[in-house]
Amino acid sequence: MSRRVKIAPSLLAADPLRLGDEIAGIEAAGADLLHFDVMDGHFVPNISLGIGLLENVRRATRLPLDVHLMLDNPERHLAAFAAAGADGITVHLEVHPEPEAILERIGELGKTRGLAVNPDMPIERLAGRLARVDRLLVMSVFPGFGGQSFIPESLDRLARARRLLAAEGRPEAELQVDGGVGPGNCAALAAAGADCLVAGTAVFRAPDPAAAIAALRGG
Ligand code: DX5
Ligand code: ZN
């Protein structure tokens with residue numbers, strides 16, 4: 001794989017009482033994106049980051065903000081997340097089994113369009129659904145919490161997702177993986193075709209986040 005792998009630290013794992021320093025630290029360390037997890041306590045069991053925080057984060061960094069909506073009704077909130085400073089917005093196929101309209105709406109708002117699948121969603125269900133996708137997110141844990149263990153079957157799912165993107169004429173779409181990503185699996189993830197690694201615990205809970213980012217990138 002000669003593609004350069006992007007690293008997207010997940011803000012969920014940052015120290016909320018030192019958020020400004022945490023963000024400045026990963027930006028200086030060469031993070032490519034900042035991943036922003038939004039949970040509604042309904043689609044997933046947990047409640048996390050919201051629109052007001054996103055507005056503040058937008059003012060604190062030049063990093064592209066990659067907003068992962070784990071919501072049962074993302075369509076209600078797209079405009080607000082767009083206005084608050086998202087650069088990309090990802091919604092779940094589990095919520096929108098026919099995602100074309102919502103992806104189109106994200107594009108109309110001028111944001112990159114992401115589609116996510118949980119670990120139990122057959123990759124084949126994405127067939128015919130990728131025309132409007134800029135970013136395909138293969139979850140490697142069941143969403144809801146940081147710090148979970150990587151599900152090993154995700155490697156094969158990534159490889160199949162990468163082949164499907166090529167078969168559907170979307171080889172340039174980004175293939176992202178999220179959940180349990182760390183120094184022990186990053187090389188295998190890149191080899192399987194992932195070109196954007198989301199990592200919370202492995203970056204923000206590392207003693208040296210800059211070194212952790214370099215290690216994830218394969219440095
Ligand atoms: C899980 C979130 C992830 C999470 C990853 O529901 O979507 O982005 O923050 O955290 P780690 O890297 O700790 O598994
Ligand atoms: Zn996420």
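The basis for the numbers below is simple: all heavy atoms, side chains too, and nothing from hydrogens, waters or symmetry mates. Just follow the structure's listing: the first ligand is 1, and inside any ligand the first atom is 1.
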Top protein contact for [atom], by heavy-atom distance:
atom: atom 12 (O) of ligand 1; value: Gly200 N, 2.7 Å
atom: atom 5 (C) of ligand 1; value: Asp178 OD1, 3.5 Å
atom: atom 13 (O) of ligand 1; value: Thr201 OG1, 2.5 Å

Quick check on contacts: which atoms of ligand 1 are under 4.0 angstrom from a heavy atom of [X]?
X: Asp37; result: 2 (C), 3 (C), 4 (C), 7 (O), 8 (O), 9 (O)
X: Gly146; result: 10 (O), 13 (O)
X: His35; result: 8 (O)
X: His68; result: 7 (O)
X: Ala199; result: 12 (O)
X: Phe145; result: 1 (C), 6 (O)
X: Met39; result: 6 (O)
X: Pro143; result: 6 (O)

message: Please tell me whether Leu165 and Val5 are part of a single hydrophobic cluster in this structure, the criterion being side-chain heavy atoms less than 4.5 Å apart.
response: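 Yes, Leu165 and Val5 fall within the same hydrophobic cluster.
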Part of Leu12 with heavy atoms under 4.0 Å of ligand 1, whether side chain, backbone, both or neither: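 The answer is the side chain of Leu12.
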field: Separation between CG of Asp134 and CD1 of Ile89, rounded to the nearest 0.5 Å
entry: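 So the CG of Asp134 and the CD1 of Ile89 are separated by 11.5 Å.
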Give me the atom names and distance for the closest heavy-atom approach of [X] to [Y].
X: Ile47; Y: Asp40; value: CG1-C, 4.0 Å
X: Gly180; Y: Val141; value: N-CG1, 4.0 Å
X: Pro9; Y: Phe204; value: CB-CE1, 3.7 Å
X: Ala31; Y: Ile213; value: CB-CD1, 4.0 Å

Which N/O/S atom belongs to [X] and is the closest one to the Zn ion (ligand 2)?
X: Asp37; result: OD1
X: His35; result: NE2
X: Asp178; result: OD2
X: His68; result: ND1

Please examine the side chains of [Y] and [X], heavy atoms only from C-beta on, and report whether any two atoms are closer than 4.5 Å.
X: Leu53; Y: Leu19; result: yes
X: Arg160; Y: Glu124; result: yes
X: Leu11; Y: Asp37; result: no
X: Asn118; Y: Phe43; result: yes

task: Using only heavy-atom distances, determine whether the side chains of Asp66 and His68 contain a donor-acceptor pair under 3.5 Å.
output: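 No - no donor-acceptor pair under 3.5 Å links their side chains.
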query: Has Met70 got any heavy atom lying under 4.0 angstrom from an atom of ligand 1?
result: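 Per 4.0 Å heavy-atom rule, Met70 contacts ligand 1.
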message: Tell me whether ligand 1 is touched by Ala202 - counting only heavy atoms on the residue side and a distance under 4.0 Å.
response: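 No; Ala202 lies far enough from ligand 1 that no heavy-atom distance drops under 4.0 Å.
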query: Which of these, Ala14, Gly180, Gly179, Ser10, has its nearest heavy atom closest to atom 9 (O) of ligand 1?
result: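 Closest candidate by heavy-atom distance is Ser10.
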query: So is Gly144 polar-close to ligand 1, meaning N/O to N/O under 3.5 Å?
result: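 Yes, at least one N or O pair falls under 3.5 Å.
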query: Quick check: does Phe142 get an N/O under 3.5 Å from an N/O on ligand 1?
result: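 For ligand 1, there is no N or O atom that lies under 3.5 Å from one belonging to Phe142.
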- prompt: Does the distance from a Lys or Arg side-chain N to an Asp or Glu carboxylate O, for Arg135 and Asp195, drop under 4.0 Å?
  reply: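 Result for this pair is no, no salt bridge flagged.
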